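Taking it in order: structure first as structure tokens, then the write-up.
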Amino acid sequence: MTNAAAQPGENSWRHGADARAGAYLDHARSIRGEVRFQLVTRALVRRLPGRPCRVVDIGGGFGRQAVLLARAGHSVTVVDGDETLLGAAADLLAAEEPEVGRRVSLVQGLGEQAVELVGTGFDLVCCHSVLLYLDDPDPLLDVLARLVAPGGLVSVLTVNRDSLALRDGLQGDWRGALATLLESREQGGRYLPTRPDTPLDLGRRLAALGVPPVEWHGVRVFSDHRSGEPSPEEFADLCELEWQAGLRDPYRQFARLFHLVARREAELP
Ligand SMILES: C[S@@+](CC[C@H](N)C(=O)[O-])C[C@H]1O[C@@H](n2cnc3c(N)ncnc32)[C@H](O)[C@@H]1O
């Protein structure tokens, strides 16, 4: 893996996607990975109307987010360009209760083509851990705004530029942390080429598309930088701690990830 920055207009996920898919699956299936799925789901479920909703998950990966929303009664369409991950999603769905599995459909394709692939009028449009691979997020953000119904929600999870150096710093990599702090981009071979955002900037971009932000949370304030995995016995306490910290300043500002929820206005600009 190289740490070359994505070129203009590029999608860094698509370079070496096979190796990337394996590393992502290992992480996403870990306890820390599950903490973030639980936090994001908790934020979404409390914002969704109390009826079955239509959801689309752009870059939905191996379908874990879709399953959690389907278990809450919603119908979810996963759109993803990665065949390996969609295969993993099919396996995950096969292991679910049939009524949950039936609520999720898998569509192979790029998010940028999602309107043509799956239509519009969704109550919730998710795009989690995808924007960081895009050199230019604007075309995909524009699609998210077109997919969502008036009054519906757009949910974006991505890496927070404002807290980027914390992981290296808290792990004792002083030189790496300093370089990351000064460059606002992670340095060194262990990082994939990614492009962080800030809640403020992303909120402004979405607002300009007629989808102003409603709230943002920090995701993984305390557990991101730790090298050891939390134990299953610690899971419930960790989730509650991360949830409470992610709601509050200044803690949420130090989280590795931020989760921004926005609501589409009646008319697009
Ligand atoms: C880090 S994974 C995140 C998956 C999932 N959303 C999650 O939260 O765990 C990034 C995903 O984005 C997908 N992806 C990247 N660029 C995409 C694009 N332009 N259109 C659709 N999917 C894309 C990849 O195939 C991969 O499944």
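Everything numeric here is computed off the predicted structure, so don't read it as measured data. Order of appearance sets the numbers: ligands from 1, and atoms from 1 within every ligand. All residue numbers in this chain count up from 1 along the given sequence.
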If every non-hydrogen atom of F258 is compared with every non-hydrogen atom of D197, which pair is closest and at what distance? CE2-O, 3.5 Å
S129 versus ligand 1: do any nitrogen or oxygen atoms come within less than 3.5 Å of each other? no
H27 contact mode with ligand 1 (heavy-atom cut-off under 4.0 Å): neither
Decide whether F235 and V40 are clustered together by the hydrophobic rule: side chain heavy atoms of Ile, Leu, Val, Met, Phe, Trp, Tyr closer than 4.5 Å, transitively. yes
As an exercise, identify every atom of ligand 1 less than 4.0 angstrom from a heavy atom of R36. 7 (C), 8 (O), 9 (O)
Atoms of ligand 1 less than 4.0 Å from G111 heavy atoms? 18 (C), 20 (N), 21 (C)
Have a look at ligand 1 and work out which part of F62, if any, has a heavy atom under 4.0 Å from it: side chain, backbone, both or neither. neither
Please report the shortest heavy-atom distance between G111 and L140, naming the atom on each side. C-CD1, 3.6 Å
Check for me whether E112 has a heavy atom closer than 4.0 Å to any atom of ligand 1. yes
Of all the heavy-atom pairs spanning F37 and L68, show the shortest one and how long it is. CB-CD1, 3.7 Å
Numbered atoms and elements of ligand 1 in range of F37, under 4.0 angstrom, heavy atoms: 9 (O)
Of all the atoms in ligand 1, which lie at a distance below 4.0 Å from a heavy atom belonging to G109? 21 (C)
The answer for which part of N11 has a heavy atom under 4.0 Å from ligand 1 is side chain
For ligand 1, which atoms, with element, lie under 4.0 Å from some heavy atom of G61? 4 (C), 27 (O)
Does only the side chain of L110 get under 4.0 Å from ligand 1, or the backbone, or both, or neither? Count heavy atoms. both
Nearest-contact summary for atom 9 (O) of ligand 1 - protein heavy atom, Å: Y24 OH, 2.5 Å
At what distance, to the nearest 0.5 angstrom, does CD of E229 lie from CD of E234? 9.5 Å
Is the side chain of R256 donor-acceptor paired with the backbone N or O of R167 at a distance under 3.5 Å, no angle test? no
With no hydrogens and no angle check, just 3.5 Å: does a side-chain donor-acceptor pair link Q65 and T41? yes
Check if R20 has a non-hydrogen atom at a distance under 4.0 Å from any atom of ligand 1. no
Checking heavy-atom distances from atom 13 (C) of ligand 1 to each of D82, T84, D80, L132, the winner is D80
Which of the numbered atoms in ligand 1 are below 4.0 angstrom from a heavy atom of L85? 26 (C), 27 (O)
Which atom names give the shortest non-hydrogen contact between G246 and R252, and what distance separates them? O-CB, 3.2 Å
So, regarding L134 and ligand 1 (criterion: nitrogen or oxygen to nitrogen or oxygen, under 3.5 Å), is there a contact or not? no
Students should be able to answer this: which protein heavy-atom is nearest to atom 11 (C) of ligand 1, and at what distance? G59 O, 3.7 Å
Do you know the tightest heavy-atom contact between A165 and A177? CB-O, 3.5 Å
Quick check for you: to the nearest 0.5 Å, what is the distance between R263 atom CZ and L124 atom CG? 10.5 Å
What atoms of ligand 1 come within less than 4.0 Å of a heavy atom belonging to Y133? 1 (C), 10 (C)
Sub-4.0 Å heavy-atom contact, G81 with ligand 1: yes
of all protein heavy atoms, closest to atom 12 (O) of ligand 1 is V130 CG2, 3.5 Å
Do H217 and L247 have side-chain heavy atoms sitting under 4.5 Å apart? yes
Indicate, with yes or no, if L144 and V107 share a hydrophobic cluster defined by side-chain heavy-atom contacts under 4.5 Å among Ile, Leu, Val, Met, Phe, Trp and Tyr. yes
